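One structure coming up, written as structure tokens, with questions to follow.
Naming: A, B, ... by sequence-line order, numbering from 1 per chain. Values below: all heavy atoms of this structure, side chains included; hydrogens, waters and symmetry mates excluded. Quantities reported herein were computed from a predicted structural model and do not represent experimental measurements.
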2 protein chains.
Amino acid sequence: MIRRQTGMTKIKNMEEFAALSGISRPTVSKYFHDPDSVRPTTRARIEAALERFDYRPNIYAVNQNRKLTKNIGIVVPYLADPFFAEIARYLEQSCIAAGYRPSLFSSHGEQKLENEILDGLQSMKPAGVLLAPLGRVSDRSAIEKFCATVPTVLFDSNLDGLGAAFIGSDNFSFVSQTVEYMTRTGEPPSFFEMRTPANPNANKRRKAYVEVMERLGFEPHIIKVDGKGWAFEEIGHKGALKVLAENELRTNSVLCSNDRLAIGFLAACYEQGIRVGRRDDCALRLASNDDHPFAKFTCPSLTTAAHDYDNVAGRSVETLFELIESGGKFETRSETLFPARLVLRDSA
Amino acid sequence: MIRRQTGMTKIKNMEEFAALSGISRPTVSKYFHDPDSVRPTTRARIEAALERFDYRPNIYAVNQNRKLTKNIGIVVPYLADPFFAEIARYLEQSCIAAGYRPSLFSSHGEQKLENEILDGLQSMKPAGVLLAPLGRVSDRSAIEKFCATVPTVLFDSNLDGLGAAFIGSDNFSFVSQTVEYMTRTGEPPSFFEMRTPANPNANKRRKAYVEVMERLGFEPHIIKVDGKGWAFEEIGHKGALKVLAENELRTNSVLCSNDRLAIGFLAACYEQGIRVGRRDDCALRLASNDDHPFAKFTCPSLTTAAHDYDNVAGRSVETLFELIESGGKFETRSETLFPARLVLRDSA
DNA sequence: CCCAAAATTTAACGCGCGTAAAGTTTTCAT
DNA sequence: ATGAAAACTTTACGCGCGTTAAATTTTGGG
């Protein structure tokens with residue numbers, strides 16, 4: 001329990017606090033910038049005063065002069081997707097641990113909002129930004145301009161050449177593991193995806209699917225369903241109902257581009273009385289990609305390829321910190337991809 | 001498409017921009033404060049200059065002097081819960097539409113984090129804060145202190161007497177509708193909940209359940225499952241497995257305290273081969289509360305009582321704006337509750 | 001065309017803090 | 001004890017903008 005002089009002397013500024021602590025203002029200023037930059041005895045006196053009085057530097061006055069603030073922007077495309085919420089959580093905490101002030105933003109799937117967020121971010125003079133762009137929907141030139149001004153690390157979705165670095169998951173690793181597993185233990189899967197996916201990862205997954213299937217000597221079979229926006233479950237659900245009604249499947253095996261589509265697919269199967277799983281009494285096997293936080297609780301639980309959350313998030317912040325320390329520029333843009341981990345559950 | 005003088009004259013401050021636009025700085029300052037406060041002709045000249053040059057006031061310098069900023073803090077207990085992500089989205093957009101700058105924070109279920117967020121929020125001098133507190137886990141005195149300094153409207157979870165107002169859902173309305181529906185169309189439900197719920201709404205729901213059951217002439221039957229934290233699906237899943245194994249149910253009917261527990265419960269039923277629904281071939285009926293964004297895609301889809309999202313969120317921001325305009329204080333603290341809407345799906 | 005009201009300009013101060021320069025005190029190895 | 005390095009104090013300026021007061025210009029109704 002920390003004792004604080006309550007009510008008494010309301011400290012207005014650093015001048016006052018310095019006087020009360022018996023240290024000159026420039027030294028106090030130095031202390032707040034880096035507590036280790038002052039002599040241990042003076043540090044102790046300042047911290048003693050800090051316990052007696054409730055003072056903290058005015059962040060606006062502090063940031064006014066500093067060319068670069070301690071702010072870090074975190075932008076995700078769709079926060080209502082628990083996947084991004086989880087990643088954002090990790091990123092936030094890493095930033096705080098490193099002494100930065102993270103600000104979280106969600107583009108909510110809209111280009112206009114993404115642009116506005118980047119716009120607002122610029123006037124925050126952030127030390128750096130962690131950006132998971134919308135992807136296909138993104139305004140490439142707007143992001144390019146932004147990256148020219150603000151040190152930016154892209155994650156999750158790559159936009160060729162934009163940002164100082166990209167950290168994400170190796171989509172080929174996702175799909176190759178799921179396809180290989182499914183073909184090894186049963187029939188080769190069809191690939192189930194949105195016709196015009198918002199996310200560039202989707203395209204890479206489709207290509208990987210085709211490549212792996214051909215390498216294994218199977219004919220790829222891609223099912224594209226209509227729908228736009230970020231209501232993937234709804235799209236997957238409707239699309240699956242259509243696929244099931246029109247009997248579009250060539251085998252008893254389906255690989256969804258991502259877990260949220262799969263959740264919709266599973267709901268459709270359940271409604272239609274189609275039992276999904278790898279057991280003998282099941283009519284269909286369904287696997288997917290991402291390891292969505294809810295994938296464990298679908299019916300049946302979802303066999304999927306998991307992102308290496310920790311490494312993607314961890315490396316993203318590490319890279320941003322390096323970028324900041326390098327003065328905001330890297331000599332070459334690097335792309336780091338982490339492989340997936342196959343998570344076997346009941347659906348396939 | 002807006003033309004902008006690219007690269008050319010980098011405007012450093014309002015002084016420079018004022019000179020370039022041919023208007024004096026105080027007038028320009030006035031314009032940025034309220035575009036309607038200047039003569040239409042001068043407004044036009046400023047806006048013409050704004051299109052030619054890329055200038056925006058330094059937010060730190062702006063906020064330094066103003067006692068109150070245009071910032072609004074939005075704090076939710078757990079952003080990885082899509083329910084809060086959706087509400088936060090609505091709140092954010094309402095704030096932006098009203099000319100404020102929202103900042104979103106998640107306590108991630110931890111008291112320490114909630115306190116740190118409030119701490120950081122204070123130094124942001126926000127015009128107001130929309131706070132959905134952790135509930136039982138919250139540090140009441142910390143929040144009390146915070147509310148004394150910053151105009152705060154509580155939503156979702158009430159803490160008696162704290163904040164200038166509370167806006168939430170009427171838990172009695174939720175439970176009475178689900179219980180009445182279930183008893184009317186089948187056997188009276190047991191109530192399934194966590195032993196020590198984090199959220200105060202849970203307690204109100206339990207009480208409402210008891211009251212409604214007794215009024216209808218049935219004996220209440222409450223099942224409490226172990227587990228703490230915010231991994232509700234996991235807790236519901238484990239708890240349900242135990243309940244099913246030990247045959248703790250007295251009827252074929254269960255009401256879950258909230259949808260995330262129900263999602264776990266449904267997963268357990270599926271694993272155990274217990275068919276859930278209102279059809280004759282089903283062994284169990286399950287209903288719940290909240291209308292979680294995924295409730296439509298569970299297997300079977302979840303019958304649940306829906307929050308009046310729009311009204312709760314809408315009234316929350318309205319109330320906050322009123323509070324801000326009233327100078328940060330209301331004469332009396334109001335509590336506004338919106339009733340639920342019963343959503344009939346397949347699970348009950 | 002005239003005049004009062006309204007809007008704008010000019011000039012200047014303040015906000016809270018970063019930071020630099022010059023002078024003073026403390027520290028610590030010799 | 002001594003001297004230089006390190007840390008601190010004093011003084012002062014600058015950051016970009018809010019804001020005020022007095023002087024000036026513009027506006028619009030009669």
- Tell me yes or no: between the side chains of E335(A) and N158(A), is some donor less than 3.5 Å from an acceptor? yes
- Query: Is the backbone of H33(B) close enough, under 3.5 Å, to the side chain of S37(B) for a donor and an acceptor to pair up by distance?
  - Reply: no
- Message: Quick check: do D36(A) and R43(A) have side-chain heavy atoms less than 4.5 Å from each other?
- Response: yes
- For I23(A) and dT10(D), give me the distance from atom CD1 to atom P, rounded to whole Å. 11 Å
- Gap between atoms CG and C1', on D34(B) and dT8(C) respectively (whole Å): 16 Å
- What's the CZ-P distance between R45(B) and dT8(C), to the nearest Å? 10 Å
- Has T42(B) got a side-chain N or O lying under 4.0 Å from the OP1 or OP2 atom of dA7(C)? no
- Message: Between T27(B) and dA7(C), is there a contact of a side-chain N or O with OP1 or OP2 at under 4.0 Å?
- Response: no
- Query: Do F321(B) and Y100(B) have ring centroids that are under 6.0 Å from one another?
  - Reply: yes
- For Y60(A) and M124(B), indicate whether the former's side chain and the latter's backbone hold a donor-acceptor pair under 3.5 Å. yes
- Spell out protein contact along nucleotides 15-23 of chain D as letters: B when the base is contacted, S when just the sugar-phosphate is, - when no protein heavy atom is under 4.0 Å; keep the 5' to 3' order. BBBBB----
- Query: H108(A) and E92(B): side-chain donor and acceptor closer than 3.5 Å?
  - Reply: yes
